[in-house]
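Here is the structure we will look at, set down as structure tokens.
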Amino acid sequence: MKKKIKYILLFLILIIGIGSVLTAKYVFPYAIIQPPRISENITPADLKLNSTDISIITKDSIEIKGYWIKNDLVPKKAIMLFVHGVGGCKEHFLNLSKNLTKIGIESILIDSRAHGESGGKYCTYGYKEKKDISNVIDFVKEKNDSIPIGIWGNSMGGAIAIQALEFDTRIKFGIIESTFTSLNQIVYDYQKSYIYGIGVKFLCNIALKEAGKIANFNPDFVSPVTSVKQIKQPVLIVHGEKDEKIKFEYGKLLFSNLKSDNKKFIAIKNGGHFDLSEKGGDNYKKTITNFLIEHSK
């Protein structure tokens with residue numbers, strides 16, 4: 001009887017193992033590169049913002065949709081390019097853009113590829129998106145070649161922003177919030193969170209390898225912690241000490257590896273992944289505003 005139970009257990013373990021590998025190969029990759037698409041039911045006009053709809057075709061023929069939020073102040077100090085997180089959309093930044101108009105900063109809000117109203121089937125966490133950002137900058141420069149351009153990204157958007165800062169030095173400064181050090185690490189972290197803290201690295205490796213094949217990119221090259229070692233532009237990094245999605249330590253690691261001589265780190269006490277402004281309060285807002293004013297010249 002004991003021998004029979006042993007064989008049954010071995011059979012079950014084998015089935016579970018095979019099932020796990022098949023899931024990692026054929027299901028998990030799409031969970032990584034095909035986030036849900038959302039678009040908020042709000043427009044710049046609802047906030048009484050002066051805006052223009054923009055549409056930019058990338059080098060690989062993906063249409064990137066967005067808004068150019070303008071202001072009437074003269075002279076205009078800078079243009080801030082906003083990059084949302086995974087599963088996010090451009091509308092998430094409308095209120096923030098409205099606040100920036102008050103200090104003479106215009107905004108470009110875009111839906112990243114495979115998000116919102118933009119084209120593309122798969123997202124690549126910065127591998128291709130950094131080039132999309134460069135195409136957006138080409139578009140802006142055609143309209144106004146002299147105004148400084150900054151970039152502000154949170155979560156996945158922060159990772160994209162870091163890679164864009166390295167890739168295109170026409171971006172003069174950046175604000176990076178709550179982002180990860182490498183795609184390999186954050187996929188592993190998320191996998192652990194879904195299986196009650198149990199990490200299975202080889203399954204993550206299988207999933208990422210297949211995701212790379214499907215979306216035609218190399219996940220190993222999505223490494224913000226490597227990119228920051230080449231960035232010389234001024235950068236402000238913000239991370240919540242209680243971030244439930246991306247470890248606070250990753251923010252500190254990015255900051256310590258950042259090459260720029262003009263860098264600043266804000267640790268938000270009790271801050272989570274989505275409430276930095278609320279938990280950061282006046283000090284957060286003042287630091288952000290001073291950073292923008294200093295580098296919008």
Side-chain angles (χ1 to χ4, degrees), residues 18-41 55-66 82-93 109-136 153-164 167 177-195 199-224 244-246 250 273-274:
I18 293 173
S20 297
V21 171
L22 291 175
T23 300
K25 188 175 178 67
Y26 296 107
V27 178
F28 288 166
Y30 292 97
I32 295 170
I33 57 177
Q34 280 191 316
R37 282 183 183 266
I38 65 167
S39 291
E40 298 290 343
N41 188 26
S55 176
I56 298 163
I57 304 300
T58 68
K59 292 293 182 358
D60 59 345
S61 301
I62 299 296
E63 184 180 25
I64 301 298
K65 302 293 286 291
F82 284 98
V83 195
H84 59 72
V86 66
C89 62
K90 60 186 179 299
E91 288 79 13
H92 289 165
F93 294 112
L109 318 183
I110 61 168
D111 287 324
S112 292
R113 62 170 59 210
H115 287 80
E117 297 178 309
S118 289
K121 195 173 182 180
Y122 307 116
C123 80
T124 64
Y125 296 85
Y127 185 91
K128 295 181 180 180
E129 288 83 354
K130 65 179 180 288
K131 297 179 182 179
D132 299 344
I133 296 295
S134 195
N135 292 155
V136 174
N154 69 334
S155 197
M156 178 191 76
I160 293 172
I162 286 173
Q163 292 167 83
F167 182 75
E177 296 183 323
S178 309
T179 201
F180 55 84
T181 51
S182 72
L183 185 56
N184 288 320
Q185 183 63 56
I186 199 61
V187 166
Y188 178 64
D189 288 351
Y190 268 70
Q191 179 268 306
K192 283 179 65 177
S193 70
Y194 291 144
I195 312 181
V200 189
K201 189 67 174 177
F202 85 94
L203 292 179
C204 293
N205 292 339
I206 291 172
L208 272 172
K209 184 177 180 179
E210 290 302 313
K213 289 180 181 178
I214 295 165
N216 190 30
F217 80 108
N218 188 338
D220 292 337
F221 289 175
V222 181
S223 178
E244 69 281 11
K245 298 290 185 181
I246 299 177
Y250 296 165
H273 195 66
F274 303 104

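We count residues from 1, following the sequence as given. Since the model is a prediction, treat every value here as computed from it, not as a measurement.
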| field | Counterpart residues, side chain to side chain donor-acceptor pair (under 3.5 Å), relative to Thr124 (two or more places apart) | value | Glu129

| query | Side chains of Tyr125 and Val86: does their closest heavy-atom pair fall under 4.5 Å? | reply | yes

Using atom types as modelled, flag every donor-acceptor pair under 3.5 Å from a side chain in residues 31-38 to any protein atom, sequence neighbours excluded.
| unit_1 | atom_1 | unit_2 | atom_2 | d |
| --- | --- | --- | --- | --- |
| Arg37 | NH1 | His115 | O | 3.3 |
| Arg37 | NH1 | Gly116 | O | 3.0 |
| Arg37 | NH1 | Ser118 | O | 2.7 |
| Arg37 | NH2 | Ser118 | O | 3.3 |
| Arg37 | NH2 | Gly120 | O | 2.6 |

| said: Does Asn216 form a side-chain contact (heavy atoms from CB on, under 4.5 Å) with Lys128? I'd like the steps, not just the answer. | reply: CA-CA 10 Å; Asn216 190 30; Lys128 295 181 180 180; 3.8 Å; yes

| message | So, using ring pair (Phe, Tyr, Trp, His ring centres under 6.0 Å) as the criterion, who are the partners of Tyr250 when residues are at least two apart? | response | none

| Test log, rule side-chain contact (heavy atoms from CB on, under 4.5 Å), inputs Ser178 and Lys245 | CA-CA 9 Å; Ser178 309; Lys245 298 290 185 181; over 6 Å; no

| Contacts of Phe82 that satisfy ring pair (Phe, Tyr, Trp, His ring centres under 6.0 Å) - sequence neighbours left out | Phe93, Trp152

| note | Sequence neighbours excluded, the answer for side chain to side chain donor-acceptor pair (under 3.5 Å) partners of Lys90 is Asp111, Glu117

| request: Please round to the nearest 0.5 Å and tell me the distance separating atom CD1 of Ile206 and atom NZ of Lys209. | output: 9.0 Å

| Which atom pair, heavy atoms only, marks the closest approach of Phe180 to Ala159? | CZ-CB, 3.4 Å

| field | Parallel, tilted or perpendicular: rings of Tyr127 and Phe221 (30°, 60°) | value | parallel

| Residues forming a side-chain contact (heavy atoms from CB on, under 4.5 Å) with Ser155, sequence neighbours excluded | Ile246, His273

| said: What's the separation between atom OG1 in Thr179 and atom CE in Met156, rounded to the nearest 0.5 Å? | reply: 9.0 Å

| said: Can you give me the closest heavy-atom contact between Cys89 and Ser39, atom names plus distance? | reply: SG-CA, 4.1 Å

| task | With sequence neighbours left out, write down each residue that passes side-chain contact (heavy atoms from CB on, under 4.5 Å) with Ile57, or none if nothing qualifies. | result | Glu63

| note | Nearest heavy-atom contact between Ala215 and Tyr122 is CB-CB, 3.7 Å

| side-chain contact (heavy atoms from CB on, under 4.5 Å) with Thr58: which residues, sequence neighbours excluded? | Asp60, Ile62, Ile64, Arg113, Asp132, Asn135

| note | Between His84 and Ser112, the two heavy atoms sitting closest are NE2-N, 3.0 Å

| task | Report the residues that fulfil side-chain contact (heavy atoms from CB on, under 4.5 Å) with Phe167, sequence neighbours left out, ordered by chain and then residue number. | result | Lys130, Lys131, Ser134

| note | Output for pair (Asn218 CG, Ser223 OG), nearest 0.5 Å, gives 11.0 Å

| request: Verify, without hydrogens or angle tests, whether Glu210 (side chain) and Phe28 (backbone) share a donor-acceptor contact under 3.5 angstrom. | output: no

